[in-house]
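Structure record follows, encoded as structure tokens.
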Amino acid sequence: MTFISPLGILGKIAGAIIIAFLGVILGLFYRGLDRKLAARMQARVGPPIRQPFRDFLKLMIKENIVPENAVPWIFNGAPIMSLVATITILFYLPVGNISPLLSGYGDIVLIVYLLTLPAIGMVVGGFASGSPYANVGAQREMVMMMSYELPLVTTVIAIGWKLSQVYPELNVFSLAVINAHPIWGLVGPLGFVGAILLLITLVIVTPGELSKIPFDAPEAETELAGGLLVEYSGRNLALFSLADATKTIVMVSLTIVLFFPYNIAYLLGLSGIFALIVDTLFFLVKLFLIMFVEVTFIRVAAARLKVDQVSYAYWVPLSLTGLLGLALIVLDTIIV
Amino acid sequence: MSKKTYSIPIGPVHPSLKEPMTFNFEIYGEHIERVNLAPGDNHRGIEFMGRQRNPVQIIYLAERICGICSASHPFAFCRAVENAAGIEVPERAQYIRVIIAELERIHSHILWAGVAAHELGFDSVLYLSWRAREEVLDLLEYLTGNRINYGIFMIGGVRRDITEEQIPRIRKTLEYYKDIFAKLEDVFLSDPTIALRTKKVGILTKEDALRLCAVGPTARASGITKDIRQDQPYAAYADLEVKAITPDVLTGEINGDVYDRIVVRILEIAQSIQIIEQCLDNLPSGEIVAEKKLVKLLNQLKKAKGEGIGRHEAPRGEVIHYVKLAEAEVPEVWKARAPTYNNLMSWMPMLIGQQIADIPIVIASIDPCIACMDRVTILNKDNGQKSILTKDDLHKLSVQKTRGITR
């Protein structure tokens with residue numbers, strides 16, 4: 001922890017506002033891309049890319065209904081908590097070579113904790129809305145949270161452990177450090193296979209974390225009519241949709257940081273401001289490609305699973321894949 | 001320790017239901033303990049309307065009992081009236097009726113497949129299968145002038161002929177479906193997520209299916225070889241030797257689950273293609289309607305006296321129409337029994353013990369048509385309350401009525 005001057009604090013605050021703003025806009029823009037691509041794959045025309053922005057503005061001017069048997073302060077507070085938690089993660093994420101705003105004040109373990117907060121916000125909001133549909137949805141979301149945590153943490157720990165073996169002197173869980181040392185360069189052939197298994201684990205955890213098909217049991221449109229969100233309307237729903245859009249960016253960025261932190265500026269021999277621009281653009285391209293695989297493609301290619309199937313899938317096959325990946329990386333290190 | 005259950009109402013308006021119908025579920029955790037059906041939200045009094053029209057006008061109403069079975073209801077109704085009035089239908093008309101009815105089966109089954117995929121959250125399959133359905137709708141429009149309510153059935157025959165020039169167009173559509181059939185089969189029967197959600201879900205045993213009088217694909221998926229086209233062939237089916245399809249043809253076993261119902265419907269699409277091809281090959285020549293002059297036909301029906309029953313194997317199962325003609329312009333009685341009415345009670349054994357997540361697909365798996373099925377709703381005019389009549393109440397009412405007549 002370093003001491004920050006008052007000017008530094010002001011800078012951080014300004015940076016936070018800018019990042020929050022950009023993150024939300026980027027999230028809505030990528031949601032538009034996602035919807036358009038999914039539509040094209042389903043033989044539909046699809047909405048224009050600016051549709052999520054219009055939806056958001058429309059929701060903001062709509063009436064905000066609080067059900068009679070809801071607990072108003074929790075009901076209204078949950079969406080804010082979700083959005084704030086999601087935006088906070090943005091401050092820890094490195095973009096290209098730009099180190100994160102709050103670099104040094106928290107690491108990837110903190111992010112794993114923060115990632116559960118939006119989900120908890122939705123659970124609390126669901127229970128507080130006093131509808132049986134929302135209640136069932138909230139119970140399912142809790143089961144989901146318990147299920148996807150283990151594979152997610154396995155992936156994070158495996159990479160951290162490997163880094164700690166190679167660079168014992170560094171703070172291995174810091175995102176800036178992980179971002180600077182891609183896992184693929186550190187491992188041998190065995191560890192390479194392990195890293196691929198870990199990547200698969202993370203790719204499958206992401207749609208669960210984001211409540212997308214096939215892991216959208218908590219919201220399940222045809223079963224629970226929106227589940228957790230069934231009673232939400234107007235401003236509260238708009239905030240939840242912002243939180244969801246931003247969380248997509250966060251989860252996809254996490255994959256980039258853990259597995260694809262490469263930049264192209266130095267390959268092109270650029271430096272200074274140009275390098276910054278090129279790397280940022282390259283980051284956005286990576287964001288798009290990985291979102292396409294993790295969110296859009298999986299969502300159009302599968303049916304919705306039941307919640308017991310989801311938790312089985314996460315606890316048994318996926319956790320085993322993650323642990324096998326971890327074991328291979330450990331083995332790789334021990335043998336070499 | 002007693003289980004603490006909570007209740008979830010599904011319907012009358014819910015995203016998984018395409019028509020209004022209420023289900024009250026008692027849930028323990030995620031499991032269904034009890035289910036209570038409360039139909040009656042979609043009653044339109046269509047039979048009452050029919051009793052104020054002449055039989056030819058009723059065809060128009062019969063077509064609108066259901067938007068999907070818009071060939072099956074007029075088919076059964078025309079057969080009932082022909083049966084009551086003793087009208088002989090020309091052979092060519094019999095074949096054209098069958099062609100239209102089988103085209104309807106293809107479109108209905110593909111529509112169902114799309115809806116089922118949507119209930120499973122697999123929207124891509126919904127869009128793709130409904131795109132495949134467009135071809136048969138285009139063909140129906142080409143043959144009859146309409147995509148949905150074909151307006152082709154007539155008492156004593158059909159209203160439009162299928163000409164020589166139209167036949168290549170029909171064959172083109174059949175070739176199209178033969179081409180995509182393998183793809184349909186692959187998507188629905190080999191996809192791992194669909195199998196996960198439909199195998200061992202919503203099981204209806206053969207005993208239950210017999211006890212609850214299930215009909216159509218619902219019964220056949222449970223292993224009952226019940227198909228009117230096979231059991232009591234009518235129209236052109238008599239020349240074709242239709243066999244009832246059970247899932248063991250493809251999978252070698254009968255489980256009576258949702259997956260088996262998908263298998264039956266997919267196989268029936270292939271069967272319908274075959275039937276239409278046979279009909280086209282053997283299409284006899286001749287008249288298409290027994291009595292061309294409408295006035296003469298109406299006079300004949302006005303003089304007719306007697307009862308008639310018309311049955312037809314609709315895409316969802318057996319549909320029965322009963323008509324009583326009593327030397328009047330309008331029929332004395334018209335009663336339609338849609339297949340969903342029979343299949344309704346099979347929801348009970350299917351749903352109990354399943355999870356909440358299974359509700360949409362199990363409900364969809366019998367391909368319910370609530371509008372066809374709703375016949376009675378009892379309202380107390382004084383206080384506007386709905387009340388339910390039990391079997392005993394109904395028995396008491398009929399005893400009273402009989403005594404009133406005999407006295």
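Owing to the predicted nature of the structure, the values given are computational and were not obtained by experimental measurement. Residue numbers start from 1 in every chain, and the chains themselves are labelled A, B, ... in the order their sequence lines are given, proteins ahead of strands. In what follows, every heavy atom counts, from backbone to side chain, and hydrogens, waters and symmetry copies are set aside.
- No more than 12 heavy atoms of other residues, nucleotides or ligands lie within 6.0 Å of OH in Tyr312(A), so this atom counts as exposed by the packing criterion.
- For a residue to count as touching a neighbouring chain, one of its non-hydrogen atoms must lie under 4.5 Å from one of that chain's; by this rule Gln355(B) touches chain A with the side chain only.
- Atoms CG and CZ, from Leu120(B) and Arg304(A) in turn, are 8.5 Å apart once rounded to the nearest 0.5 Å.
- A 6.0 Å sphere centred on CZ of Arg44(A) holds more than 12 heavy atoms belonging to other residues, nucleotides or ligands.
- Here Ala357(B) is the residue among Pro360(B), Ser16(B), Ala357(B), Pro15(B) with the most heavy-atom pairs under 4.5 Å with chain A.
- For Ala39(A), no part lies under 4.5 angstrom from a heavy atom of chain B.
- Lys306(A) is listed as a side-chain neighbour of Val201(B), based on a closest heavy-atom distance under 4.5 Å.
- For chain A, no part of Ile359(B) is nearby; none of its heavy atoms comes within less than 4.5 Å.
- In terms of heavy-atom pairs under 4.5 angstrom with chain A, the leader among Pro9(B), Ala117(B), Ser124(B), Ser7(B) is Ser124(B).
- Contact between Ile10(B) and Tyr133(A) at its shortest, heavy atoms only, is CA-OH, 3.8 Å.
- Other residues, nucleotides and ligands contribute at most 12 non-hydrogen atoms within 6.0 Å of the CZ atom of Phe297(A).
- If you measure heavy-atom distances from Val187(B) to chain A, you find no contacts under 4.5 Å at all.
- Nearest approach of Thr193(B) to Ala303(A), heavy atoms of both residues: OG1-N, 3.2 Å.
- The shortest non-hydrogen separation linking Leu305(A) to Arg197(B) is CA-CD, 4.1 Å.
- Heavy atoms from other residues, nucleotides or ligands lying under 6.0 Å from CE of Met41(A) number more than 12.
- Open room surrounds CZ on Arg50(A); 12 or fewer heavy atoms of other groups in view lie less than 6.0 Å from it.
- Taking each heavy atom of Gly121(B) and Ile213(A) in turn, the nearest pair found is O-CD1, 3.2 Å.
- Heavy-atom contacts from other residues, nucleotides or ligands closer than 6.0 Å to CZ of Arg169(B) number more than 12.
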